[in-house]
Amino acid sequence: MPSCTDGRGVLWVLLAAIILIVPGQARAAEPQALYKQHCASCHGADRLGGIGTALLPENLKRLRKKAAAQVITNSRPAVQMPAFKDVLSGGDVAALVKLIYTPLKTIPQWGMDEIAKSHVLHNPLATLPSKPQHTADPLNLFTVVEIGDHHVTILDGDTFESLWRFPSRFALHGGAKYSPDGRFVYFGSRDGWVSKYDLWSFKPVAEIRAGINMRNIAVSADGRYVMAANTLPHSLVLLDAKELKPLKVIPVRGDKGKTSRVSAVYTAKPRNSFIAALKDIPEIWEIPYEDNPKPVPLGFIHNFREGQSEGMFDRGPFPVRRIKLDDYLDDFFFSPDYTNVIGAARNGKNGQVVNLTVGRKIADIDLTSLPHLGSGITFRYRGRLVLATPHLKENSVSIIDMETWKTIKRIETLGPGFFMRSHENTPYAWADVFFGKNRDAIHIIDKRTLEIVRTLRPEPGKTAAHVEFTRDGRYALVSIWEKDGALVVYDAETFKEIKRIPMSKPSGKYNVYNKIMLSAGTSH
Ligand code: DHE
C-alpha cells in the first residue's frame, strides 16, 4: 500500500494528482450520467433534440467526431450552448462524443402526436401586414442560407444590401422553397424542422418538427400544402402551408412491410402532385393534392390502412401512387413538363428515365459517376432541349439530349462539381468545382458551343460553389464556401466582380422570382 511517507508513496500521490488535474488524461465518468447532467436539458433525454439539435448519428453526419469534441469543449460562435472545457475532462468529452455517435437501439416514435406537439406559432397569419414593409422588389430578394453559423440572410437583389439576418434551425438542407406568390419562404432542417417566414414583414410565421432526420421539403404549386421527406422515421408528412399544422403522416412502406427512407420530395406543378423517390425501395411515389384527383388505374393507389392488401384501391385524401422501378433512385431531375423523371441509378453505371404518365422506365441513360441531378439545369442547344448535370465523382459536366436520351458531350472540368446554374437571359451556364485541389474554381460554359469560356477563382485556395442569378439574369452570385466566407456578385456578361459581402459559409442562395417562375436555369 503506498504511503506519503516513503518515496514511492509520493510518486503514487503525484500520479493520482496528475490523473485528477490534467483533464485530457482523466478517466471519463459514465457517459449516460454525463449526458443526463450536461446535455439532456437542451438536446432531450432521448437525444431527439429540444432547443438544441438531435444528437443521433443520422443527424450528425455532417459533423466529424473531432469537430463534435471541439464544439463540446469550446462551443461555437452564435449558439446558446456554453463551452464545457472547465467542466468536462478530455475523457468526458470523448465519452460523450462516442455516446452521441452510437445509434439508438430502437427507432424513436415520431408520429402525428409528437409532430403536433412540436408546433410553434410565432405570428398568426391574421396579424401580418397586407403589403410589404420594405421598399425592395419583393420578387428580387435572395434567401441566403449561411450554414457556418446557422443563419439566413435576406438580400436585396438590386442593391445587394442585407435586409434581414436571423438564426435558423440547425443545419438547413435543400433549397429554400417559396409560396407561389413569393411572399413566404419555407426551410427544412436536417433535424426535421420546417419553418415558414414572411418576406413582407420579416417575421417568422410558424415552425413544426415533421421528423427526426429530414431530407427536404416541397411546397405544392397551389401553395396549400408542404410535404416533408424524412429519413427518420420512414415517413412523408403533409402540412397545411398556412401555419404549418400537420394534416397527414404517410408511412413509407412497400411490399411485405419493408420501410424506406425518402431520398427527396418535389412538386410536379403541371401534375398537381408531389413526387418522392425512396432510398431503400426501388419505387417512385406520386401523391396528388388536388381536392378531387383524377382516378388512376386500379392497383396504383395505395393508402396503407392496417390489413390492406397490396395494390388495393383507395381514393382517400392524398392517396399514394406507387411506381415500381428496377433500381433505386437517389437523386433525380424532371423534364420541364414534369412528364419524365431522370434518375441516377444506385449502381453508378447508368441512369434511368421514368415516364410518370405510363408509370414505368422508358429509357436507360448514359450517366455514370454519380451525376448530381438535383442541381441539373435545362436549356436549348442547337434547337434541342438538353439537360446539363455535374458529377460528384468525375471531372465533367454531362450534356444530354432530352429527346434521344443520348449524351451529346462530356465537358471536362477541373474536378467533380456539386452545383450548376444558368438563366434564360444569359448564354452562359456556371458550374462549380466542389472537390479536389481546384475547388476554388468556377467554370463558365457557353451554352451555344458547350465550351468552357472562362474559369473564375473568386478567392484562390477557398472553395467556391453554388451560383444563383438575379431575376433579370444580369448578375451571378457565387459563394465562398468557408466559415469566414463571402457572397461574390459578378456581372454575368463581363464576369467582373461587382461586390463582395462577408458571410458565414453561405451555402445555397435562392432568388424569389427565378424560383417561383421555375426558371430552367435554377433548382425547383
Ligand atoms: Fe444536398 C439540395 C441530397 C449533401 C447542400 N441535396 C439537395 C437536394 C437533395 C440533396 C436531394 C434537393 C432537395 C431540395 O432542394 O429540395 N445532399 C444530398 C445528398 O444525398 C448528399 C450528397 C448527402 C447527404 O448527406 O445528404 C447531400 N448537400 C450535401 C452537402 O454536403 C451540402 C454541400 C452541404 C449541406 O448543407 O449539407 C449540400 N444540398 C445542398 C444545397 C442544396 C441541396 C445547398 C440546395 C441546392 C439548390 O440550389 O437548390
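No experiment lies behind these values; they were computed from the predicted model shown. Whatever order the structure lists them in is the order used to number ligands and atoms, beginning at 1.
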| field | Side-chain donor-acceptor contact under 3.5 Å, S179 with D181 | value | yes
| task | Pull out every atom of ligand 1 sitting under 4.0 Å from any heavy atom of W481, numbered as shown with elements. | result | 33 (C), 34 (C)
| Going by the atom numbers of ligand 1, which of them fall below 4.0 Å from some non-hydrogen atom of A264? | 11 (C)
| query | Relative to the heavy atoms of G175, which atoms of ligand 1 are at a distance of less than 4.0 Å? | reply | 14 (C), 15 (O), 16 (O), 45 (C), 49 (O)
| request: Please confirm whether S507 comes within less than 3.5 Å of ligand 1 when only nitrogen or oxygen atoms on both sides are compared. | output: no
| said: So for ligand 1, is S263 a polar contact partner (N or O within less than 3.5 Å, distance only)? | reply: no
| said: Quick test of your reading: applying side-chain hydrogen bond (donor to acceptor under 3.5 Å, both in side chains), list the pairs with at least one residue in residues 424-435, sequence neighbours left out, ordered by first then second residue. | reply: E424-S519
| Between E283 and R322, is there a salt bridge with N-O shorter than 4.0 Å? | yes
| Hey, does the side chain of D440 reach the backbone of P458 with a donor-acceptor pair shorter than 3.5 angstrom? | no
| request: Please state whether R190 comes within less than 4.0 angstrom of ligand 1, counting heavy atoms only. | output: yes
| field | Backbone of L477 reached by a side-chain donor or acceptor of E468 within 3.5 Å | value | no
| request: Assess the side chains of T231 and K279: does a donor N or O sit below 3.5 Å from an acceptor N or O? | output: no
| request: Pick whichever of I147, V262, T522, V265 has a heavy atom sitting closest to atom 36 (O) of ligand 1. | output: I147
| Quick one: does ligand 1 sit under 4.0 Å from the side chain of E468, the backbone, both or neither, non-hydrogen atoms only? | neither
| Structural part of F332 in contact with ligand 1, heavy atom criterion under 4.0 angstrom | neither
| task | Enumerate the atoms of ligand 1 whose separation from the nearest heavy atom of H466 is less than 4.0 angstrom. | result | 46 (C), 47 (C), 48 (O)
| message | Surrounding CZ of R224 (heavy atoms of other residues, nucleotides or ligands, distance under 6.0 Å), is the total greater than 12? | response | yes
| note | Out of H372, K515, R215, R421, the nearest non-hydrogen contact to atom 3 (C) of ligand 1 is supplied by R215
| For ligand 1, which atoms sit closer than 4.0 Å to a heavy atom of K177? | 14 (C), 15 (O), 16 (O)
| query | Given side chains that start at C-beta, do those of F187 and V145 come closer than 4.5 Å, heavy atoms only? | reply | yes
| message | Using a 3.5 Å cut-off on N or O atoms only, is S523 in polar contact with ligand 1? | response | yes
| Does any N or O atom in Y510 lie less than 3.5 angstrom from one in ligand 1, N or O only? | no
| query | Heavy-atom count around K499 NZ within 6.0 Å, excluding the residue itself: above 12? | reply | yes
